[in-house]
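Computed over heavy atoms, backbone and side chain alike; hydrogens, waters and symmetry mates excluded. Each chain gets a letter, A, B and so on, in the order its sequence line appears, and its residues count up from 1.
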2 protein chains.
Amino acid sequence: MGIVERRERLRNQVRSDIVKTAKEIAREDGWTAVSIRKIAEVIEYSPPILYEYFESKDKLLEAIRVEGFDFLQAEFVKIKSHFRNPEKQLSEVARCIWVFSVENPEIFQVMFNLEGAYCDSKRVYSHAMNIRDNPVWEMIAVLRPKSGEMVTKTYYEWWCLTYGFISITMTTQPRYAFAQAEPIYMEGVRRFIKSIM
Amino acid sequence: MGIVERRERLRNQVRSDIVKTAKEIAREDGWTAVSIRKIAEVIEYSPPILYEYFESKDKLLEAIRVEGFDFLQAEFVKIKSHFRNPEKQLSEVARCIWVFSVENPEIFQVMFNLEGAYCDSKRVYSHAMNIRDNPVWEMIAVLRPKSGEMVTKTYYEWWCLTYGFISITMTTQPRYAFAQAEPIYMEGVRRFIKSIM
DNA sequence: CAGAGAATTTAACCCTGTTAAGTTAAAACT
DNA sequence: AGTTTTAACTTAACAGGGTTAAATTCTCTG
């Protein structure tokens, strides 16, 4: 009975087509241009079909947001195992976020509601910020072995710094200026790391 | 001929009613709930009237954004003249931004496109970030007398730090948690100031 | 009081997310 | 194989959004 498997495969295909199309439109014309109807047109289905895969537009954005956070989380885990020095680990994490935001601006925008992207789900934010199993939290804990509460505070600051930098740059600077903004960002990060050591 | 003056007064009244209503709706139900039609209903005019005062919804938001930046700018000037010590000046500026964001969340949201507020105008951002006549830039220049380019870099970092902190807090934390987030913010700001001295 | 001008509204256009009802196509059963 | 059930999909509509042209009402002037 390959029928049910084939159907399942087709379902997954359509689902990923929806996500892919949303990102493509966003990348080309910004998230304000992304609509259910436009996605439907591209994947050659009628609009209501999308509701077979996502219960709302917001949930579709949430899926993309989760994808982004999960990807970064996985990268952080890799960095943690590839480098010993927590200072080095943190600066690599910072660089990783930067590169991600430059290469996948449309995902980053959904993750942080930038440039007209708007997704309600705060749940995901909180999850990403969560201490549990968070490699960056642990890096900071090694770098600055204090109470858990203190580490959480520092982690919060780290988060604000990197987020602030990238989102301000993404929002105010034109694309071509990103390259020259990166060293300023990395220098700021390094200064922060030094200031907490 | 008081007629033309009376008309002018009425025009100003209606204009400020529009702005006020927009902010009120935003404060109560968030910016996603703000629509031309709803504002019109509250001020007891038909929707097209708003276009006699603002050429688009975006321009209305821009006006509110400008208002916010202008207010802060004026506060910074006051701080600059009230305190001598640049370190003190900067921490007062930071506190000022924080207080403003807590007391006027809806304006802050428009200024930085937070929580569903979306205004296209990058012009205003750039203007606010601009070096010309910028009191904060000058504070940093006094605190850390280096080349203009270096000061601009540091000013950029300052901007990213404060913005990152407040927007992350506003987006992820519930209202009641703001009070406990403030000292973390102020501590981060102080550490930043120390790190550039 | 009639007419010119400004002020305001009505009605429409085209967009959006979303849903109920109807239709077509595919699978299952007798 | 033909009928029936069920899954897949589309059409049409609702409610609401920003915006604009045309029609209307009001106000002031001569």
Inset, instruction - Please say whether more than 12 non-hydrogen atoms of neighbouring residues, nucleotides or ligands are located less than 6.0 Å from CD in B:Glu24. - result: yes
Legend entry - Short side-chain N/O contact from A:Arg11 to OP1 or OP2 of D:dA8, under 4.0 Å: no
Inset, instruction - Take the protein atom CG of A:Leu10 and the nucleotide atom C1' of D:dA7, then report the distance between them rounded to whole Å. - result: 13 Å
Legend entry - Rounded distance (Å) that lies between atom C1' of C:dG17 and atom CD1 of A:Ile18: 15 Å
Inset, instruction - Would you mind telling me which of A:Tyr118, A:Phe165, A:Trp31, A:Tyr163 makes a ring-ring contact (aromatic ring centres under 6.0 Å, His included) with A:Phe112? - result: A:Tyr163
Inset, instruction - Check DNA chain D against residues 38-65 of chain A and give the residues with a non-hydrogen atom under 4.0 Å, in numerical order. - result: A:Tyr45, A:Ser46, A:Pro48, A:Ile49
Legend entry - Any donor-acceptor N/O pair under 3.5 Å between C:dG17 base and A:Arg37 side chain: yes
Legend entry - Flag if over 12 foreign heavy atoms under 6.0 Å of NZ, B:Lys20: no
Inset, instruction - Side-chain contact test, heavy atoms from C-beta onward, threshold under 4.5 Å: evaluate it for A:Leu72 versus A:Met111 and give yes or no. - result: yes
Inset, instruction - Kindly compute the distance separating CD (A:Glu187) from OG (A:Ser91), expressed to the nearest 0.5 Å. - result: 13.5 Å
Inset, instruction - Just compare C:dA26, C:dT16, D:dG18 and give me whichever is closest to any side-chain atom of A:Ser35. - result: C:dT16
Legend entry - Single-linkage hydrophobic cluster A:Val42~A:Tyr51, side-chain heavy atoms < 4.5 angstrom: no
Legend entry - OP1 or OP2 of C:dA27 under 4.0 Å from side-chain N/O of A:Arg6: yes
